[in-house]
Number of protein chains: 2
Amino acid sequence: MNISAAAEGFSAEPKTLVESAYRALRRDIIEGTLAPGEKLRVEHLKDNYGVGAGTLREALSLLIADALVVSQGQRGFRVSPVSLEDFGDITRTRVMLECEALRQSIAIGDDAWEANLVGAFHRLAKAEEKRIGSDAREEWEERNRIFHEVLIAACPSRWLKHFLSILYYQAERYRRLSLYLQPIPRDIHAEHEALLQAAIKRDADQAAALLAEHILMTFRSIEAIPSEELNRKPAA
Amino acid sequence: MNISAAAEGFSAEPKTLVESAYRALRRDIIEGTLAPGEKLRVEHLKDNYGVGAGTLREALSLLIADALVVSQGQRGFRVSPVSLEDFGDITRTRVMLECEALRQSIAIGDDAWEANLVGAFHRLAKAEEKRIGSDAREEWEERNRIFHEVLIAACPSRWLKHFLSILYYQAERYRRLSLYLQPIPRDIHAEHEALLQAAIKRDADQAAALLAEHILMTFRSIEAIPSEELNRKPAA
DNA sequence: TAATTTAAAAATCTCGAGAAAACGTATTGA
DNA sequence: TCAATACGTTTTCTCGAGATTTTTAAATTA
């Protein structure tokens, strides 16, 4: 998640309660269980997540790094609010950074990278087959994230990848918040496949164009939803 | 610093001890008082900064967001290590993002923005005159940061500005770490002035080129320093 | 001597309780 | 009726002390 995380292998098993709470909270925010703008009362939440108040505060502090939580001095923590404007910003910034990272990745990536990419695409495709059930959905989300991650894995810029990781989770949250409104209508599988082919052909221009369209598409589909619907889960 | 900070007016007076400790620690890391890679023992530091252990841990957690501190589960906190490679990455990423932000700012900025820019440049120039003393140096650093901030202030992307804020502090740390090795030889004033003129003339291409050169110059001057010198302050 | 084991020391991580601030409600007055 | 004030409740913020884990150092053995 954060840059130290990527560096230190943070993504292994959680070793401390702080990290467990951090992950549980992050999942709940991205899934929408904790609604945008909702107040995060430490005294209540510490029981839900089975940790002490100090520990929970620390986990919440870490989530500020991911911009999933905001805090105002002496007024506690809140889930970051959402807005169409913000999602637009996230989308445009992501297009800009991710296309650049993809170009670098395509330019530098070796055979091992290609192999990883094909593997990630295959695992994603497998997850697309079994469409039913909440677990299957979680699995698809995870593999989709990894596919995007592997696409830019050969990009040498740790900072670019760090920022993109933050933006990806942000975008995932928006995607999920709007999901109960609209089932996935697009042929995402075809988009991913075209992306894979372009990457392997080392056609950076085409790959970047496909990626940009891929990312923008999600935004457009959500943008089309009437704003009243989006604000149904109130910002507390 | 973090995106909530920008949003919530975090930059006013510190309202909690956590925030005071956060700022003091951030300053000490950027200035180099706390050396790269140095272990940050909570039990020791809590006395230095006059806060409890839990409070200090929370402040350190916030610094992870800025990538000035890293943590390994069960093995405490450390000041983020430095490397020439990392500084190169920071520089290139910053060039990419800041040029884009500047273009947008120039395209959108109105008269008020221009006025702010002229004002920021003027304050910076004033600070350049009185070159002596540690306070004068601090003042110059602050005004230099604000000048760069105002340059891109009209850019509508909060995320771009958020990432740039992080990168700016990172770059400032590198600049200061190498400062005792080399006094500022370049005519930075002239660079800033040219930048200002290009911005006001709304010449986005020229402004972006000047900005890129401006940022890259600092990297080159540090890159030229033999690596033994840079590693003089060991990474613990 | 070098490697392994053991034990002491230090540091991290965690929790619960107390002070300060913010919030909500009821009361008062115009 | 509305605004302002005062009070009580809730919540945040903060600290110190105890349980695990890591680190350091010494002792033992091959």
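Chain letters run A, B, ... following the sequence lines, proteins first and then strands; every chain starts at 1.
With rounding to whole Å, B/E38 atom CD is found 13 Å from C/dA11 atom P. Rounded to whole Å, atom P of D/dT22 lies 16 Å from atom CZ of B/F77. Summarising the geometry, the separation between CD on B/Q72 and P on C/dA11 is reported as 17 Å, rounded to the nearest angstrom. Distance B/L40 CG to C/dT12 P: 9 Å, rounded to the nearest Å. Taking atom OH of B/Y22 as the reference point, atom P of D/dT14 lies 16 Å away to the nearest angstrom.
Under the side-chain contact (heavy atoms from CB on, under 4.5 Å) criterion, A/I108 pairs with A/P156, not counting sequence neighbours. In this structure, the side-chain contact (heavy atoms from CB on, under 4.5 Å) partners of B/T93, at least two apart in sequence or on a different chain, are A/S157, A/W159, A/L160, A/F163, B/D89, B/L97, B/L167. Every residue two or more places apart in sequence or in another chain was checked for a side chain to side chain donor-acceptor pair (under 3.5 Å) with A/R27, and none qualifies. Residues meeting the side-chain contact (heavy atoms from CB on, under 4.5 Å) test with A/N144, sequence neighbours left out: A/L124, A/W140, A/H148, A/Y168, A/R175, A/H192.
Closest-nucleotide positions on DNA chain D for B/Q74 and B/R41 were compared, and the one nearer the 5' end corresponds to B/Q74. Between A/V18 and A/E43, the residue anchored nearer the 5' end of DNA chain C, judged by the nucleotide with its closest heavy atom, is A/V18.
DNA chain C lies under 4.0 Å from at least one heavy atom of each of the following residues of residues 44-61 of chain B: B/H44, B/R57.
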Please write out each protein N/O paired with an N/O of nucleotides 23-25 of chain C under 3.5 Å, distance rounded to 0.1 Å.
none

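Taking OG of A/S71 as the reference point, atom CZ of A/R57 lies at 8.5 Å (rounded to 0.5 Å). Here the straight-line distance linking atom CD1 of B/I29 with atom OG of B/S80 works out to 7.0 Å at 0.5 Å rounding.
B/F87 and B/Y174 have parallel rings, their planes meeting at less than 30° on a 0 to 90° scale where 60° marks the start of perpendicular.
Under a 4.0 Å N-O distance rule, the pair A/R176/A/E172 qualifies as a salt bridge.
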